[in-house]
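Heads up, the thing below is written out as structure tokens.
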Amino acid sequence: MNSVKASETSYKWILETSAMLDAESQFVRDIKGVKGFNWDYVKLPISYKLDWAICHKDRIQGFAELKIRNCRRNDYPTFMLSMAKYRELLLVNQLFKPTALFVRWKDQDCIHKTQDYDHTQYELRMNGRTDRNRNGDIEPCIHIPVNHFSTIREST
């Protein structure tokens, strides 16, 4: 396990590249094409910690986090997400409006509605990426069973 030196910051903001933003915008366009998901999606500033507000006209109906993975849905038994990110989904859901985690796997686009599951049953582990050799990539992560995601669209 990587350790953090006292002089290092505990977290680095990951700046979204134009390619990441383009892929995410395409994901939103594809979601909007699914019956029941044709809302207005408004990209939020990074300070809001979640990716998108889901709106009808100018009224916010909910919030969403989008993730794109380079594996198939059932390649792993769980979906790993930063505990801090999931905490934000739960907090916004509790205080304001419903939240959802959308995941694009290679074979499916899926949704996890935070209010539909008991997150206290999810396993917490120290995990993260090791391929970037960046401080803050190893952190507490929540492991959401992949069967806690509903398929909204088969990927082509």
Side-chain angles (χ1 to χ4, degrees), residues 1-6 8-16 20 23-24 27-28 30-32 34-37 39 41-56 59-132 134-155:
M1 188 180 315
N2 295 350
S3 61
V4 177
K5 297 176 186 170
E8 295 177 330
T9 58
S10 61
Y11 183 78
K12 286 186 180 179
W13 286 103
I14 298 172
L15 297 177
E16 295 177 306
M20 292 165 69
E24 191 174 271
F27 188 9
V28 167
D30 292 342
I31 291 169
K32 287 181 70 166
V34 175
K35 184 178 178 181
F37 292 91
W39 299 85
Y41 294 77
V42 179
K43 181 72 172 155
L44 296 171
I46 198 166
S47 61
Y48 282 87
K49 299 181 184 173
L50 296 178
D51 291 329
W52 298 82
I54 303 170
C55 303
H56 176 67
R59 294 189 183 270
I60 296 173
Q61 305 299 310
F63 294 89
E65 180 68 18
L66 274 67
K67 295 293 181 187
I68 299 173
R69 294 294 185 253
N70 290 316
C71 60
R72 292 182 314 270
R73 178 181 179 179
N74 291 312
D75 284 351
Y76 300 97
T78 63
F79 177 81
M80 183 178 71
L81 183 69
S82 159
M83 186 184 78
K85 184 64 75 172
Y86 200 76
R87 178 188 64 213
E88 194 66 25
L89 285 163
L90 292 173
L91 182 63
V92 170
N93 181 69
Q94 180 183 4
L95 297 176
F96 300 105
K97 293 286 183 178
T99 58
L101 171 62
F102 289 91
V103 178
R104 169 163 277 178
W105 279 287
K106 282 187 168 189
D107 58 340
Q108 295 178 15
D109 293 341
C110 297
I111 185 172
H112 170 79
K113 296 179 182 177
T114 54
Q115 62 273 14
D116 290 352
Y117 296 97
D118 179 4
H119 67 279
T120 62
Q121 297 177 11
Y122 296 158
E123 192 170 340
L124 290 174
R125 297 185 211 158
M126 288 301 292
N127 287 121
R129 293 183 67 164
T130 57
D131 60 326
R132 298 184 291 204
R134 287 197 327 212
N135 181 35
D137 279 352
I138 303 298
E139 62 181 315
C141 291
I142 192 161
H143 287 256
I144 306 165
V146 294
N147 64 353
H148 286 196
F149 288 83
S150 300
T151 302
I152 60 171
R153 183 178 168 276
E154 296 289 332
S155 296

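This is a predicted model, so every value here is computed, not measured.
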Under 3.5 Å, which donor-acceptor pairs link side chains of residues 143-150 to any protein atom two or more places apart or in another chain?
unit_1	atom_1	unit_2	atom_2	d
H143	ND1	T78	OG1	3.0
H143	NE2	N127	OD1	2.7
H148	ND1	Y122	OH	2.7

Which residues share a side-chain hydrogen bond (donor to acceptor under 3.5 Å, both in side chains) with E123, sequence neighbours left out: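 E123 satisfies side-chain hydrogen bond (donor to acceptor under 3.5 Å, both in side chains) with R125 once adjacent residues are dropped.
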Of the non-hydrogen atoms in [X] and [Y], which two are nearest, and what is the gap between them?
X: L90; Y: T114; answer: CD2-CB, 4.1 Å
X: L44; Y: W52; answer: CD1-C, 3.7 Å
X: I60; Y: C55; answer: CG1-SG, 3.9 Å
X: A64; Y: I54; answer: CB-CD1, 3.8 Å
X: F27; Y: D109; answer: CE1-CG, 3.7 Å
X: N70; Y: K106; answer: O-CE, 3.3 Å

Sequence neighbours excluded, every pair satisfying salt bridge (charged side-chain N to carboxylate O under 4.0 Å, His left out) that has a member inside residues 69-80: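 Checked against salt bridge (charged side-chain N to carboxylate O under 4.0 Å, His left out) - neighbours excluded - the pairs reaching residues 69-80 are R72-D75.
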Pairs involving residues 141-151, ordered by first then second residue, that meet salt bridge (charged side-chain N to carboxylate O under 4.0 Å, His left out) (sequence neighbours left out):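 Listed by first then second residue: nothing to list.
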When rounded to the nearest 0.5 angstrom, what is the spacing between [atom1] in [X] and [atom2] in [Y]?
X: Q108; Y: T151; atom1: CD; atom2: OG1; value: 3.5 Å
X: L124; Y: M83; atom1: CG; atom2: CE; value: 6.5 Å
X: I31; Y: F102; atom1: CD1; atom2: CZ; value: 4.5 Å
X: L81; Y: C141; atom1: CG; atom2: SG; value: 7.5 Å
X: Q61; Y: W39; atom1: CD; atom2: CH2; value: 4.5 Å

Would you say [X] and [Y] make side-chain contact, with heavy atoms under 4.5 Å?
X: D30; Y: R104; answer: yes
X: M80; Y: I142; answer: no
X: L101; Y: F79; answer: yes
X: N93; Y: L89; answer: no

Listed partners of E65 passing salt bridge (Lys or Arg N to Asp or Glu O under 4.0 Å), at least two apart: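 Salt bridge (Lys or Arg N to Asp or Glu O under 4.0 Å) list for E65, sorted by chain: K67, K85.
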Listed partners of P45 passing side chain to side chain contact (heavy atoms under 4.5 Å, CB included), at least two apart: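 With sequence neighbours excluded, P45 shows a side chain to side chain contact (heavy atoms under 4.5 Å, CB included) to S47, Y48, given in chain and number order.
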Flag if over 12 foreign heavy atoms under 6.0 Å of OH, Y117: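 Atom OH in Y117 is crowded, with more than 12 foreign heavy atoms closer than 6.0 Å.
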